[in-house]
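Values below: all heavy atoms of this structure, side chains included; hydrogens, waters and symmetry mates excluded.
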Amino acid sequence: MVESVALEEAYSNTDTQANYTYTVTASPEGITPVTFTGEIGLTLTDDGWQVSRME
């Protein structure tokens, strides 16, 4: 179960690219939650925003 998700604007954002840091806290029910963090990059295409990278 996901307990929390947080996105924060990172760096070098333009009209067609956006970069965010993310923090996700999750666990199966009854198990101690674990927190994951990283960066995600989005690129605006003709079809909308698409993930261009995830670290």
Just grab all the salt bridge (charged side-chain N to carboxylate O under 4.0 Å, His left out) pairs involving residues 20-30, residues at least two apart or on different chains.
-> none
Ser27: side chain to side chain donor-acceptor pair (under 3.5 Å) partners, not counting sequence neighbours | none
If you take all heavy atoms of Tyr11 and Glu39, which pair is closest and at what distance?
-> OH-OE1, 3.4 Å
Should Trp49 and Met54 be counted in the same cluster of Ile, Leu, Val, Met, Phe, Trp and Tyr side chains packed under 4.5 Å apart?
-> yes
Who passes side chain to side chain donor-acceptor pair (under 3.5 Å) against Ser52, sequence neighbours left out?
-> Thr43
About how many Å separate CG of Leu42 and OG1 of Thr16, when rounded to the nearest 0.5 Å?
-> 11.5 Å
Set of side chain to side chain donor-acceptor pair (under 3.5 Å) partners for Thr35, sequence neighbours left out | Thr25
Group every Ile, Leu, Val, Met, Phe, Trp and Tyr by side-chain heavy-atom contacts under 4.5 Å, then state whether Val2 and Val51 land in the same group.
-> yes
Is it the case that one hydrophobic cluster holds both Tyr22 and Val5, taking links as side-chain heavy atoms less than 4.5 Å apart, direct or via other members?
-> yes
Can you tell me how far the OG1 atom of Thr14 sits from the CG atom of Asn19, to the nearest 0.5 Å?
-> 8.5 Å
Same cluster or not: are Val34 and Val24 linked, directly or through other Ile, Leu, Val, Met, Phe, Trp or Tyr residues, by side-chain heavy atoms under 4.5 angstrom apart?
-> no
Sequence neighbours excluded - salt bridge (charged side-chain N to carboxylate O under 4.0 Å, His left out) pairs with any residue from residues 1-17 | none
Please round to the nearest 0.5 Å and tell me the distance separating atom OH of Tyr20 and atom CD1 of Ile40.
-> 10.0 Å
Salt bridge (charged side-chain N to carboxylate O under 4.0 Å, His left out) with Glu55: which residues, sequence neighbours excluded?
-> Arg53
